[in-house]
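Just so you know, ligand 1 is whichever comes first in the structure, and atom 1 is the first atom listed for that ligand. We number each residue from 1, following the sequence as shown.
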Amino acid sequence: MAAKIIDGKAFAADVRGKVTEHVARLKEEHGITPGLAVVLVGEDPASQVYVRSKGKQTVEVGMNSFEHKLDIDTSEADLLALIDQLNADPTVHGILVQLPLPGHLNSDLVINSIDPAKDVDGFHISNVGLLGTGQKSMVPCTPLGCLMMLREHHGSLSGLNAVVVGRSNIVGKPMANLLLKDSCTVTIAHSRTKDLPEVVRGADIVVGAVGRPEMIVGDWIKPGATVIDVGINRIDAPERGTNEDGSVKTRLVGDCHFASCAEVAGAITPVPGGVGPMTIACLLANTVTACCRANDLDEPQGLTA
Ligand SMILES: Nc1nc(=O)c2c([nH]1)NC[C@@H]1CN(c3ccc(C(=O)N[C@@H](CCC(=O)O)C(=O)O)cc3)C=[N+]21
């Protein structure tokens, strides 16, 4: 195995350390405690795990965590009323509505009702437009985490060929905008791209965000390229045996086939332990950034795009 493994867990711990220092300074020098509100509608088990993890880490870095758990059949009006209340609450600097929402709720409408200044996910159309035009915005957490790891590994990204595989609003598109802003030559590819392997072979930086388990294989990777794997896919792992209830055990894999990619790449992020932990760390970083902006204070260095 040739590639350097980029340790997202360690990197995330480092980001949380910086966030902790900033939070302490905001408290001491200004008497302000940043606050993050997380809204979860319904009881999806995976979402519950993420929300718990976010709340725990928010408290660990010294911020206030406000969790709002709503019934699965909550009406759109009630959800919008809660968001209005959080928008108006001066102790809340960041608002995250856990996605996906139940089908009867219009997620575009809900997300766009969040005050853009508190939109720590960076999903509000106003933040999307600001990022797309190179203006100051809230930047989506997953692409921001990927960018931080890429900058740390490469120093400058200027002139590098980046291929983003996946065109989602939450990862692919904002990732492409951030890479463009750092002067990469950017291609957004996806599952229907003609001759996708050949397109990926041209990349110095490959970002896998297509949501298909282990689709990107070593044979597609240019020797020495950096591979950032955003995918989190749970697949059956019969080699691990069965659970007590007789169901087959599972494991997490990325969108990149780790073993074969790692033989060719110069550096690669693992799954788990890569992009995932950085996503939550960047959510905390965005909350501090939002808090500083709301109070006309200098923003933390190195925690924004
Ligand atoms: N409004 C909104 N914003 C989000 O940012 C958001 C969301 N909704 N809905 C769900 C997805 C998913 N997501 C993850 C965050 C951390 C890990 C993470 O830390 N994963 C670990 C462990 C994974 C595990 O063991 O299950 C890892 O990759 O190492 C994964 C996934 C944020 N999301």
Side-chain angles (χ1 to χ4, degrees), residues 5-13 15-16 36-58 60 65-70 79 82-83 86 94-102 105-114 116 118-125 127-128 138-146 148-149 166 168-175 208-209 211 213 227-235 237 240 249-256 258 268-287 290:
I5 313 281
I6 299 176
D7 186 345
K9 236 171 147 172
F11 206 121
V15 170
R16 286 197 302 273
L36 172 64
V38 175
V39 180
L40 173 62
V41 186
E43 295 183 353
D44 176 62
S47 292
Q48 284 179 324
V49 173
Y50 291 137
V51 168
R52 209 173 308 135
S53 176
K54 284 167 188 167
K56 185 167 160 271
Q57 294 188 29
T58 303
E60 276 169 6
S65 168
F66 308 101
E67 276 182 31
H68 295 268
K69 296 188 174 164
L70 306 182
L79 179 55
L82 172 61
I83 291 173
L86 297 172
I95 302 171
L96 178 144
V97 178
Q98 184 74 14
L99 300 176
L101 286 169
L105 299 170
N106 178 342
S107 42
D108 286 336
L109 181 78
V110 169
I111 296 304
N112 291 329
S113 73
I114 298 171
K118 298 189 179 188
D119 169 36
V120 281
D121 262 329
F123 295 163
H124 190 288
I125 42 167
N127 282 315
V128 175
M138 296 307 301
V139 175
C141 306
T142 300
L144 178 57
C146 295
M148 285 182 186
M149 291 191 285
S168 70
N169 291 333
I170 61 172
V171 182
K173 287 179 202 166
M175 186 78 251
V227 177
I228 304 291
D229 193 348
V230 178
I232 298 184
N233 310 288
R234 194 165 279 287
I235 63 167
R240 295 195 177 176
K249 291 216 190 242
T250 61
R251 66 192 173 98
L252 289 183
V253 297
D255 292 350
C256 304
F258 185 81
I268 186 168
T269 62
V271 177
V275 172
M278 280 299 284
T279 296
I280 301 187
C282 287
L283 172 66
L284 307 175
N286 275 349
T287 305

Report the nearest protein non-hydrogen atom to [atom]: residue, atom name, distance rounded to 0.1 Å.
{"atom": "atom 6 (C) of ligand 1", "answer": "K54 NZ, 3.9 Å"}
{"atom": "atom 12 (C) of ligand 1", "answer": "Y50 CE1, 3.8 Å"}
{"atom": "atom 28 (O) of ligand 1", "answer": "G276 CA, 3.6 Å"}

N or O pair under 3.5 Å between Q98 and ligand 1: yes
Indicate yes or no: does an N/O atom of L99 lie under 3.5 Å from an N/O atom of ligand 1? yes
Here the pair of heavy atoms bringing D229 nearest to D255 is OD1-N, 2.8 Å
Which atom names give the shortest non-hydrogen contact between T287 and G94, and what distance separates them? CG2-N, 4.4 Å
Once you restrict to heavy atoms under 4.0 Å, what part of [X] touches ligand 1? Side chain, backbone, both or neither.
{"X": "T142", "value": "neither"}
{"X": "I170", "value": "neither"}
{"X": "D121", "value": "side chain"}
{"X": "V97", "value": "backbone"}
{"X": "L96", "value": "side chain"}

Can you find a heavy atom in the side chain of E60 that is under 4.5 Å from one in the side chain of K56? yes
Is the backbone of L284 close enough, under 3.5 Å, to the side chain of K54 for a donor and an acceptor to pair up by distance? no
F123 backbone acceptor or donor facing D121 side chain under 3.5 Å: no
Below 4.0 angstrom from a heavy atom of [X], which ligand 1 atoms are there? Numbered from 1 as shown, please.
{"X": "G273", "result": "27 (C), 28 (O), 29 (O)"}
{"X": "P272", "result": "27 (C), 28 (O), 29 (O)"}
{"X": "L252", "result": "23 (C), 24 (C), 25 (O), 26 (O)"}

Any non-hydrogen atom of P277 lying under 4.0 Å from ligand 1? yes
My understanding is that only residues two or more places apart in sequence, or in another chain, count here; which of them pass salt bridge (charged side-chain N to carboxylate O under 4.0 Å, His left out) with K69? E67
All N/O donor-acceptor pairs, side-chain side in residues 272-282, below 3.5 Å, sequence neighbours left out:
| from | atom 1 | to | atom 2 | distance (Å) |
| --- | --- | --- | --- | --- |
| T279 | OG1 | T142 | OG1 | 3.0 |
| T279 | OG1 | V275 | O | 3.2 |

Of V110, L86, L101, L96, which is the lone residue that meets side chain to side chain contact (heavy atoms under 4.5 Å, CB included) with V39? L86
Could you please spell out the steps behind the side-chain contact (heavy atoms from CB on, under 4.5 Å) verdict for M138 and V120? CA-CA 6 Å; M138 296 307 301; V120 281; 4.2 Å; yes
